[in-house]
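One structure below.
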2 protein chains.
Amino acid sequence: MYREEIHAKLQQSGLKITPQRVAILRAVYTLQNHPTAQQIIDFVHERDFNVATGTIYKTLDTLVEKGVIGKVQNTEEATRYDSRMEHHHHLYGDGDSRIEDYVNEELDHLLENFFLQNNIPGYEINSIHVHINGRFTRE
Amino acid sequence: MYREEIHAKLQQSGLKITPQRVAILRAVYTLQNHPTAQQIIDFVHERDFNVATGTIYKTLDTLVEKGVIGKVQNTEEATRYDSRMEHHHHLYGDGDSRIEDYVNEELDHLLENFFLQNNIPGYEINSIHVHINGRFTRE
DNA sequence: ATTCTTGCAAAGCATTTGCACCCTG
DNA sequence: CAGGGTGCAAATGCTTTGCAAGAAT
């Protein structure tokens, strides 16, 4: 990803172009494997210059907010436990801490068949969980 | 969930039956909405007796390990960022910190159609992300 | 000047760890 | 008395926050 493209991305999102943002964005694009904040910090420190930890976190938040980059989906709260042990999926409530179980064998078969017919080279599937995001319209 | 069932669960898993474990397990079964450790701590303190924080965490870990209860899937590390903004899914490597993107429009359509035909009462879907767990057999 | 950014260090929170004690077979 | 279980408090690790200083328009 070239400097010009990074500049363009920032401009499109309405953010000012600063050396810190350019460096952070370049780190995210360069580090392929869904980097953590720490990996981004290390990369920036090595390749560019010192950027404060707090700034990295703030900047990453800003970039996610503006839709320039994404976050790998996690519950982003504390770990939550589950009393159901059968295979099941989850419904997440947007802006809601609710998580409901979703059990549907037909869906399981559908996915199983799909991946039997659409083998992923170099990867052996163990299990598939569907994360459904949406809004609860009851209770 | 009755005391006898909880005792049976513990016994089946080869764990000793202790008041702490019974109380924690009852909390997980009673608290419906995928409780956090903190919610379990509060519940136990209110309904039963004081159990040390460290004990709750250790016990929950043990119960998950023995397959008595589950954890809601999260990356359980630090937040990870994603440079790809198109809709996509993720391949997770078991025992591997790798996360790869999986892009497949056919899968997206399949899921979309499935949920059009299988409406979830009281819930409005915004987005669907498939978490695929498995093993990378390359690199 | 006003607003947006940054640096820095302290604070916050969820979770883990180390160790002493305890109980049970 | 050996091993598993627990309590407690300190430590860890990731992330956030508050505030003062700097840069940009």
Side-chain angles (χ1 to χ4, degrees), chain A residues 6-7 9-28 31 34-45 48-66 68-82 97 99, chain B residues 6-7 9-28 31 34-45 48-66 68-69 71-81 97 99:
Chain A
I6 290 176
H7 285 202
K9 289 249 181 205
L10 285 171
Q11 235 152 10
Q12 281 158 30
S13 65
L15 291 169
K16 282 185 191 163
I17 295 167
T18 68
Q20 288 86 346
R21 285 181 180 154
V22 173
I24 290 167
L25 214 34
R26 180 163 49 209
V28 177
L31 296 164
H34 302 278
T36 62
Q38 192 54 57
Q39 291 171 322
I40 293 164
I41 290 168
D42 293 344
F43 183 94
V44 169
H45 285 183
D48 296 273
F49 51 92
N50 196 286
V51 179
T53 305
T55 301
I56 303 253
Y57 280 103
K58 280 178 203 160
T59 303
L60 287 168
D61 279 358
T62 307
L63 292 172
V64 170
E65 219 171 86
K66 297 289 183 183
V68 183
I69 62 175
K71 266 187 185 183
V72 174
Q73 189 173 344
N74 61 354
T75 47
E76 87 163 283
E77 312 157 47
T79 302
R80 293 174 66 160
Y81 296 90
D82 200 332
S97 68
I99 300 176
Chain B
I6 289 177
H7 285 202
K9 290 248 180 204
L10 286 172
Q11 235 152 10
Q12 281 157 30
S13 65
L15 292 170
K16 281 187 190 160
I17 294 166
T18 68
Q20 288 85 346
R21 284 179 180 157
V22 173
I24 290 168
L25 214 35
R26 180 163 48 210
V28 178
L31 296 164
H34 303 276
T36 62
Q38 192 54 56
Q39 291 171 323
I40 294 166
I41 291 169
D42 293 344
F43 184 93
V44 170
H45 284 183
D48 296 273
F49 50 93
N50 196 286
V51 179
T53 307
T55 301
I56 303 254
Y57 279 104
K58 280 178 203 161
T59 303
L60 287 168
D61 278 358
T62 307
L63 293 172
V64 170
E65 221 171 82
K66 298 290 182 181
V68 182
I69 61 174
K71 265 187 187 185
V72 174
Q73 191 174 343
N74 61 354
T75 46
E76 89 164 281
E77 312 157 48
T79 302
R80 293 173 66 160
Y81 296 88
S97 69
I99 300 176

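Computed from a predicted model, the values in this text were never measured in an experiment. Proteins come first, then strands; the chains are lettered A, B, ... in the order of their sequence lines, and each starts at number 1.
Contact of the K9(A) side chain with the I6(A) side chain is not registered, since no non-hydrogen atoms from C-beta on lie closer than 4.5 Å. Taking the side chain as every heavy atom from C-beta outward, K16(B) and R21(B) approach each other to under 4.5 Å. The side-chain heavy atoms of P35(A) and F43(A), taken from C-beta on, include no pair separated by under 4.5 Å.
A pairwise comparison of heavy atoms in F49(B) and A23(B) identifies CE2-CB, 4.5 Å as the closest pair.
For R80(B) (side chain) and V72(A) (main-chain N/O), no donor-acceptor pair under 3.5 Å exists by modelled atom type.
Distance OG1/T18(A) to CG/L10(A): 7.5 Å, rounded to 0.5 Å. Note: T79(A) OG1 to N74(B) CG = 5.0 Å, rounded to the nearest 0.5 Å. Rounding to the nearest 0.5 Å gives a distance of 10.0 Å between CD of E65(B) and NZ of K71(B). With values rounded to the nearest 0.5 angstrom, H7(B) atom NE2 is found 13.0 Å from L15(B) atom CG.
The distance from atom CD1 of I41(A) to atom P of dT16(D) is 11 Å, rounded to the nearest whole Å. Taking atom OH of Y81(B) as the reference point, atom P of dC14(D) lies 12 Å away to the nearest angstrom. Distance, L60(A) CG to dT15(D) C1': 11 Å, rounded to whole Å. We find that CG of L15(A) is positioned 14 Å from C1' of dA24(D), with the value rounded to whole Å. As rounded to whole Å, 12 Å separates atom P of dT15(C) from atom CG of N74(A). One can place CD of Q39(B) at 11 Å from P of dA14(C), the figure rounded to the nearest angstrom. Distance CD (E65(A)) to C1' (dT16(D)): 14 Å, rounded to an integer number of Å. Atom CG in D61(B) sits roughly 13 Å away from atom P in dT6(D) (whole-Å rounding).
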Restricting to nitrogen or oxygen on both sides, can you table the protein-nucleotides 7-12 of chain C pairs closer than 3.5 Å?
residue	atom	partner	partner atom	Å
dG7(C)	OP1	Q20(A)	NE2	3.4
dG7(C)	OP2	A52(A)	N	3.2
dG7(C)	OP2	T55(A)	OG1	3.1
dG7(C)	O6	K58(A)	NZ	3.0

Can you pull every protein N or O that's under 3.5 Å from an N or O on nucleotides 10-12 of chain D?
none

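Legend: residues meeting side-chain hydrogen bond (donor to acceptor under 3.5 Å, both in side chains) with D48(B), ordered by chain and number and at least two apart, are R26(B). Residues forming a salt bridge (Lys or Arg N to Asp or Glu O under 4.0 Å) with D42(A) (at least two apart in sequence, or on another chain): none.
Nearest nucleotide to the R21(B) side chain, out of dT16(C), dT15(C), dT6(D): dT6(D).
For the helix from dA1(C)-dT25(D) to dG25(C)-dC1(D), the terminal axes (five pairs an end, C1' atoms, rotation from four pairs onto the next four) enclose an angle of 10°, given to 10 degrees.
Where A78(B) and T59(B) each meet DNA chain D at their nearest nucleotide, the meeting point lying more 5' is that of T59(B). Residue order along DNA chain D, read from the 5' end via each residue's closest nucleotide, puts T18(B) first among T18(B) and A37(A).
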Check: residues 53-62 of chain B side-chain donor-acceptor pairs under 3.5 Å, at least two apart:
residue	atom	partner	partner atom	Å
T59(B)	OG1	T55(B)	O	2.7
T62(B)	OG1	K58(B)	O	2.8

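As judged by a 4.0 angstrom heavy-atom cut-off over every strand, T36(A) is placed among residues making no nucleic acid contact.
Side-chain N/O atoms of Y57(B) include none lying less than 4.0 angstrom from OP1 or OP2 on dT16(C).
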